[in-house]
Amino acid sequence: MFLTTTGDVTIPASTDPVNITVQASIAPWNYANTASLDAVIAGIPGSFSRVSGTQATGVATIAFTRSTPGTATSVPAGTVIRSTEGNMLRDRVQTIWVGRNDVAFAAPTHATGARAAVRAMVEHLTPTLKRFLIIGVTTRTTEGTTATGATLDSRNRVLEINSALRDAYPAQFVDIRRHIIDNGLTLVGITPTQADLDAIAADTIPPSLSPDGTHFTPECRQLVIAPFIVAELRARGWI
């Protein structure tokens with residue numbers, strides 16, 4: 001992952017944190033994330049976390065702390081801040097499941113943005129023969145074919161993102177959304193409610209498999225999603 005500075009800043013010689021304004025049009029860096037990530041700025045290793053930001057402006061402030069004392073360094077606007085998290089795993093089999101937040105935070109470039117993000121992840125892998133799965137984005141339980149207004153717009157964005165990812169990586173894309181809709185309740189052992197039947201008829205996730213309409217129950221993760229991904233990896237001879 002990388003962010004781009006929007007103004008000039010000086011990284012101090014000490015290990016005191018310095019606030020940096022960055023372009024961050026996609027959550028979580030413009031919204032509410034407080035995680036700390038290892039990163040390199042202008043060749044200086046350290047870590048950063050979010051201080052503030054808004055979805056509307058697409059700009060966030062992060063606090064960067066260099067790992068060890070050194071020389072004060074001027075960093076011009078437009079400098080890339082590149083995360084070094086997971087660098088030691090770049091030669092491993094990767095399962096990439098991204099894009100849901102792009103539905104809300106990257107419009108109107110949700111599909112191209114998600115595809116560009118996935119491409120950057122794939123290109124970051126080190127083997128010549130890269131081994132990775134792209135897991136499709138899922139619709140919310142309310143985002144069926146009968147939805148209207150903004151909810152229908154969100155559904156259409158999900159389908160557009162999935163289409164873009166499938167077109168870019170046809171051999172690696174797997175449609176988890178279809179699997180959950182068609183097989184999820186049976187695999188978990190749930191007798192469908194009327195709301196579940198209505199959701200399935202409208203081509204979206206049955207609510208009995210989601211506690212909040214977006215994420216999945218532990219049973220769905222363990223009995224539906226995980227075995228499906230493992231089977232896809234085994235089919236390719238990667239595990």
Side-chain angles (χ1 to χ4, degrees), residues 1-92 94-126 132 134-135 137-138 154 157-158 161 164-165 168 212 214-215:
M1 184 206 77
F2 65 86
L3 304 171
T4 304
T5 62
T6 61
D8 298 341
V9 67
T10 297
I11 307 297
S14 70
T15 56
D16 294 330
V18 58
N19 283 356
I20 302 174
T21 304
V22 296
Q23 184 67 38
S25 61
I26 299 175
W29 298 108
N30 68 351
Y31 201 55
N33 190 283
T34 58
S36 177
L37 292 178
D38 293 336
V40 172
I41 302 176
I44 301 172
S47 61
F48 69 89
S49 59
R50 176 188 178 279
V51 175
S52 64
T54 65
Q55 176 188 348
T57 63
V59 173
T61 299
I62 63 171
F64 178 76
T65 304
R66 65 189 303 157
S67 300
T68 57
T71 302
T73 303
S74 297
V75 178
T79 298
V80 170
I81 304 169
R82 194 173 299 275
S83 171
T84 56
E85 292 282 335
N87 274 359
M88 71 293 297
L89 303 175
R90 292 169 64 191
D91 62 337
R92 308 293 180 87
Q94 306 287 325
T95 301
I96 300 172
W97 194 356
V98 300
R100 180 65 228 190
N101 283 344
D102 291 87
V103 173
F105 295 104
T109 59
H110 42 274
T112 56
R115 184 170 57 193
V118 169
R119 182 181 297 114
M121 295 176 202
V122 171
E123 291 177 352
H124 188 61
L125 302 180
T126 54
F132 61 95
I134 306 297
I135 313 300
V137 182
T138 54
S154 293
R157 288 173 191 163
V158 169
I161 290 171
L165 296 178
D212 61 3
T214 301
H215 303 93

Ser67 side-chain N/O to Pro45 backbone N/O, donor-acceptor pair under 3.5 Å: yes

Separation between OG1 of Thr71 and CD1 of Ile11, rounded to the nearest 0.5 Å: 12.5 Å

side-chain contact (heavy atoms from CB on, under 4.5 Å) partners for His124, two or more places apart: Asn87, Arg90

Distance (rounded to the nearest 0.5 Å) between Thr112 OG1 and Arg119 CZ: 9.5 Å

Smallest separation among heavy atoms of Ser74 and Thr10, with atom names: OG-OG1, 3.9 Å

Stepwise side chain to side chain contact (heavy atoms under 4.5 Å, CB included) test for Ile81 and Ile62: CA-CA 11 Å; Ile81 304 169; Ile62 63 171; 3.8 Å; yes

Side chain to side chain contact (heavy atoms under 4.5 Å, CB included) between Arg115 and Ile161, intermediate numbers included: CA-CA 7 Å; Arg115 184 170 57 193; Ile161 290 171; over 6 Å; no

side-chain contact (heavy atoms from CB on, under 4.5 Å) partners of Asp8, counting only residues at least two apart: Pro76, Ala77

Test item: Val9 and Thr79 side chains (from C-beta on) under 4.5 Å apart, heavy atoms: no

Ile41 and Thr73, any side-chain heavy atoms less than 4.5 Å apart: no

Value rounded to 0.5 Å, distance of OG1 in Thr65 from CG in Asp38: 11.0 Å

Sub-4.5 Å side-chain heavy-atom contact between Arg92 and Leu125: no

Partner residues of Thr214 under the side chain to side chain donor-acceptor pair (under 3.5 Å) criterion, sequence neighbours left out: Arg140

Distance in Å, Thr126 OG1 paired with Leu89 CG, rounded so as to fall on 0.5 Å steps: 10.0 Å

Nearest-0.5 Å distance that lies between atom CZ in Phe64 and atom CD1 in Ile44: 6.0 Å

Inter-residue atom distance His215.NE2 - Thr138.OG1, 0.5 Å rounding: 9.0 Å

Shortest non-hydrogen contact between Ser14 and Arg66, atoms and distance: O-CD, 3.1 Å

Heavy-atom pair with the smallest gap, counting every atom of Asp102 and Ala114: OD2-N, 3.9 Å

